[in-house]
Undergrad: 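Structure below; questions to follow.
Below, read A as the first sequence line, B as the second, and so on, with proteins coming before strands; counting in each chain starts at 1. What you are looking at is a predicted structure, and each value in this text was computed from that prediction instead of being measured. Because only heavy atoms are used, hydrogens play no part in the values below, and waters and symmetry mates are left out as well, while side chains stay in.
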Protein chains: 2
Amino acid sequence: MESRHLRYALALAEHQHFGRAAAALGIAQPPLSQQIAALERELGARLFDRTARGVFPTAAGEAFLARARRALAEMSAAVSDAGRAARGETGRLRLGFIGSALLELLPAVLGTFIRDRPGVRLGLQEMSTRRSTAALLAGELDLAIGRGAPRGAGAEDLVSVTVGRDHLVAVVGAAHPFAGQAKVSLEQLKGQHLIVAPAEEEPTVAAWLAGLLGEGADTPARAGGVTEAWDAHTIIGLASCGVGVGLGPTCLRVAARPDVRVCEVSPRVELPELVMSFRAQDRSPVLAAFLDITRERCPGVADRLERHLGTR
Amino acid sequence: MESRHLRYALALAEHQHFGRAAAALGIAQPPLSQQIAALERELGARLFDRTARGVFPTAAGEAFLARARRALAEMSAAVSDAGRAARGETGRLRLGFIGSALLELLPAVLGTFIRDRPGVRLGLQEMSTRRSTAALLAGELDLAIGRGAPRGAGAEDLVSVTVGRDHLVAVVGAAHPFAGQAKVSLEQLKGQHLIVAPAEEEPTVAAWLAGLLGEGADTPARAGGVTEAWDAHTIIGLASCGVGVGLGPTCLRVAARPDVRVCEVSPRVELPELVMSFRAQDRSPVLAAFLDITRERCPGVADRLERHLGTR
DNA sequence: CGAGGCGATATCCAGGAGATATCGTTGGCG
DNA sequence: CGCCAACGATATCTCCTGGATATCGCCTCG
């Protein structure tokens with residue numbers, strides 16, 4: 001039995017007339033008679049009563065037609081669902097990102113994405129660069145935003161694009177001696193208690209910090225000590241109440257509150273760039289849509305993305 | 001798009017391998033490749049990723065497959081539903097009957113029918129012979145049990161079979177003078193208050209009664225008066241409390257309670273027979289099943305039914 | 001009782017589903 | 001590093017079957 005038989009039976013039930021049903025189907029009347037007869041033979045049951053006043057479904061026909069309608073509805077839904085999924089209008093996008101992405105990149109992109117793709121289920125999870133890279137390779141994420149290009153086993157299966165480049169800034173409370181300064185020198189930082197991201201989660205920042213403070217077991221002691229804070233808002237919060245000097249990426253400026261001051265660090269310390277990564281073989285249209293929007297909303301990213309996507 | 005494409009896509013998703021999926025489908029591998037390619041071309045979307053490790057559905061493929069499974073399930077349900085309906089295992093049987101049928105005929109048949117055909121929705125409605133005949137012709141009933149063969153317009157479209165033949169009996173309370181008698185003569189009845197079915201609903205009984213009491217406007221006055229009761233239990237109830245003498249078909253014996261006595265009327269008055277009617281062109285398997293059971297449970301009916309059904 | 005409408009049947013044709021053979025690519029393994 | 005095996009895609013041919021045309025049989029209605 002093919003879906004053709006369902007379509008023919010439904011047309012016949014609708015028109016109650018072989019000739020008109022066949023015309024509506026775009027075929028001649030004899031093939032319709034044959035197909036209906038073949039269907040009835042296969043089912044071993046008469047589906048239609050051919051009377052002088054018209055063609056009417058039997059009880060078996062009614063039961064069959066009810067199911068047939070649903071079957072055809074499912075089939076056309078299959079087509080439209082597949083189309084929507086292929087166009088990226090439905091589906092899922094699982095995104096792992098470091099907190100910094102929440103300050104500039106994601107606000108610029110997510111709003112447009114959610115408005116344009118209301119049918120897409122977005123999964124957002126803040127996580128360290130290390131974890132998001134691993135989750136991406138394991139297929140648990142579709143997109144990762146981290147700091148520094150992924151390295152290590154499997155990294156060659158990923159496409160990574162720089163989506164932001166920033167440097168270190170210092171955050172202090174309004175009452176702090178640095179508060180009035182536009183710049184803070186490295187020398188000035190050396191005596192201060194520092195608030196930074198944990199070394200194991202942001203190794204590149206930690207490495208720079210080690211260079212600043214000097215290597216060795218006694219490093220924190222040479223300075224004013226180090227407090228580790230997991231996210232930007234905590235760094236700012238701690239700085240605002242005078243715990244110490246917060247150090248973090250430029251995007252801390254966006255999260256800054258009225259009661260803190262953000263100072264440039266002089267000389268400028270470039271941080272590993274913000275990198276967006278996805279699986280090179282991932283052809284997901286939802287991902288493509290997200291990348292499209294990223295391209296539109298972040299002009300600087302466009303050409304770098306083109307280079308990678310062009311090769312796909 | 002045909003259901004073949006759905007089956008092929010599902011097989012491919014299941015086996016994740018063109019060759020094995022084709023083997024499972026009983027076809028060679030190239031046709032499967034072609035059909036999948038044609039499906040993807042028609043949808044304008046790639047449904048499967050052909051990788052070195054196997055063939056996996058894309059997001060669009062997942063969406064399509066989910067609908068495809070349901071569509072095929074509906075199709076096979078259409079087949080089995082039609083089969084069940086054709087075998088009379090599901091469906092509906094609307095039955096209109098006079099109360100007398102509840103006393104012997106229906107108890108003998110309904111139990112078996114309900115047990116044998118649990119999937120059939122039974123519609124039972126007590127109604128007069130006149131109403132059930134009209135409803136049958138209007139297509140509002142599938143089967144009617146009444147007294148006397150249907151007459152009038154449309155009666156020739158009905159098949160009617162006698163399913164019971166009975167005569168008049170009298171019912172009296174245990175304290176009534178007739179209570180000890182096995183027979184009551186017509187002469188004895190003439191002075192009594194009679195309890196009978198309404199004339200407009202059971203014209204044949206009423207006609208007999210008119211003959212018994214004599215025609216004319218003053219008929220009730222010549223006897224002890226007439227009370228009309230719509231059903232057997234009411235007749236018996238009224239008789240038991242001494243209102244008068246109940247008159248009704250033999251099957252009143254079945255409904256008789258300990259506090260009433262049933263007497264034969266002498267000489268015997270034959271009542272119009274109980275008749276089961278259905279539309280001659282009705283090929284409903286549920287109706288056929290009901291008639292089958294009637295044939296089994298009521299041996300006397302069998303040959304009369306055969307005669308009618310043989311000509312269908 | 002004849003005409004017209006309708007579904008079934010007979011016959012022929014062509015499109016396409018499927019079979020066979022082969023190719024191109026890729027991944028694994030010696 | 002290169003060969004081989006596996007797998008999906010492609011090419012070509014065959015044959016089935018869905019569909020078109022012509023016609024028949026039957027029923028209804030004027």
Undergrad: Can you tell whether the side chains of Glu40(A) and Arg50(A) come within less than 4.0 Å, N to carboxylate O?
TA: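 Yes, Glu40(A) and Arg50(A) are salt-bridged.
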Undergrad: Is any side-chain nitrogen or oxygen of Ser33(A) closer than 4.0 Å to OP1 or OP2 of dA8(C)?
TA: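 The answer is yes; a side-chain N or O of Ser33(A) sits under 4.0 Å from OP1 or OP2.
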Undergrad: To the nearest angstrom, how far is Leu12(A) atom CG from dC6(C) atom P?
TA: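 Rounding to the nearest Å, CG of Leu12(A) and P of dC6(C) are 13 Å apart.
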Undergrad: Send over the distance from Ile36(A) CD1 to dT9(C) C1', rounded to a whole Å.
TA: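 Ile36(A) atom CD1 is separated from dT9(C) atom C1' by 16 Å.
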Undergrad: Classify Tyr8(B) by what it touches in the nucleic acid, base, sugar-phosphate, or nothing, heavy-atom distance under 4.0 Å.
TA: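 Answer is sugar-phosphate: Tyr8(B) comes under 4.0 Å of backbone atoms only.
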Undergrad: Quickly work out the Phe56(A) CZ to dG7(C) P distance and round it to whole Å.
TA: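 Atom-to-atom, Phe56(A) to dG7(C), this comes out as 11 Å.
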Undergrad: Counting only side-chain heavy atoms from C-beta out, which of dA19(C), dA22(D), dG18(C) sits nearest to Gln35(B)?
TA: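 Selected nucleotide: dG18(C).
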Undergrad: Quickly work out the Glu40(A) CD to dA8(C) P distance and round it to whole Å.
TA: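 Going from Glu40(A) (CD) to dA8(C) (P), I get 8 Å.
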Undergrad: dA21(C), dC7(D), dA19(C): which one has an atom nearest the side-chain heavy atoms of Pro30(B)?
TA: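 Closest nucleotide among those given: dA21(C).
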Undergrad: Applying side-chain contact (heavy atoms from CB on, under 4.5 Å) between Phe278(B) and each of Leu158(B), Leu291(B), Asp142(B), report the one that passes.
TA: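 It is Leu291(B), the one option of Leu158(B), Leu291(B), Asp142(B) that forms the side-chain contact (heavy atoms from CB on, under 4.5 Å) with Phe278(B).
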Undergrad: Nearest whole angstrom, please: distance from the P of dG18(D) to the CG of Leu25(A).
TA: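 From Leu25(A) CG to dG18(D) P: 15 Å.
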Undergrad: Rounded to the nearest Å, what distance is computed from the CG atom of residue Leu32(B) to the P atom of nucleotide dT20(C)?
TA: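 After rounding, the reported distance stands at 15 Å.
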Undergrad: Which whole-number value in Å describes the distance from Glu2(A) CD to dG16(C) P?
TA: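 About 15 Å, once rounded to whole Å.
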Undergrad: Under a 4.5 Å cut-off applied to non-hydrogen side-chain atoms, are Arg92(A) and Val120(A) in contact?
TA: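 Side-chain contact under 4.5 Å: no.
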Undergrad: Could you tell me if Ser33(A) and Gln29(A) have a donor-acceptor pair between their side chains, going purely by distance under 3.5 Å?
TA: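 Yes - a donor-acceptor pair under 3.5 Å links their side chains.
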Undergrad: Give Gly54(B) one of three labels, base, sugar-phosphate or nothing, depending on what nucleic acid heavy atoms sit under 4.0 Å from its own.
TA: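 No contact.
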Undergrad: Taking only side-chain nitrogens and oxygens of Gln34(A), does any of them come within less than 4.0 Å of OP1 or OP2 of dG18(D)?
TA: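 Answer no for this pair, as no side-chain N or O of Gln34(A) is under 4.0 Å from OP1 or OP2.
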Undergrad: Taking the nucleotide of DNA chain C with the closest heavy atom to each, which residue, Gln29(B) or Ala38(B), is nearer the 5' end?
TA: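 Looking at DNA chain C, the more 5' nearest nucleotide goes with Ala38(B).
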Undergrad: On the nucleotide dC6(C), are OP1 or OP2 found under 4.0 Å from the side-chain N or O atoms that Arg50(A) carries?
TA: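 No, no such contact exists.
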Undergrad: Indicate whether OP1 or OP2 belonging to dG8(D) is found under 4.0 Å from a side-chain N or O atom of His17(B).
TA: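 Answer yes for this pair, as a side-chain N or O of His17(B) is under 4.0 Å from OP1 or OP2.
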Undergrad: In this structure, how many angstroms lie between the P atom of dG5(C) and the CZ atom of Arg20(A), rounded?
TA: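 In whole Å, dG5(C) P and Arg20(A) CZ are 12 Å from each other.
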Undergrad: How would you label the contact of Arg53(B) with the nucleic acid (heavy atoms, under 4.0 Å): base, sugar-phosphate, or nothing?
TA: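 Counting heavy atoms under 4.0 Å across all strands, no contact is made by Arg53(B).
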Undergrad: Is Phe290(B) close to Met276(B) at the side-chain level, that is, under 4.5 Å between some pair of heavy atoms?
TA: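 Yes; the side chains approach each other to less than 4.5 Å.
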Undergrad: With a non-hydrogen cut-off below 4.0 angstrom, is Ala52(B) in contact with a base, only sugar-phosphate, or nothing?
TA: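 Ala52(B): backbone/sugar contact only, no base atoms under 4.0 Å.
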Undergrad: If you check the Ala28(B) side chain, which of dG19(D), dT20(C), dG7(C) turns out closest?
TA: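 Given the options dG19(D), dT20(C), dG7(C), the side chain of Ala28(B) is closest to dT20(C).
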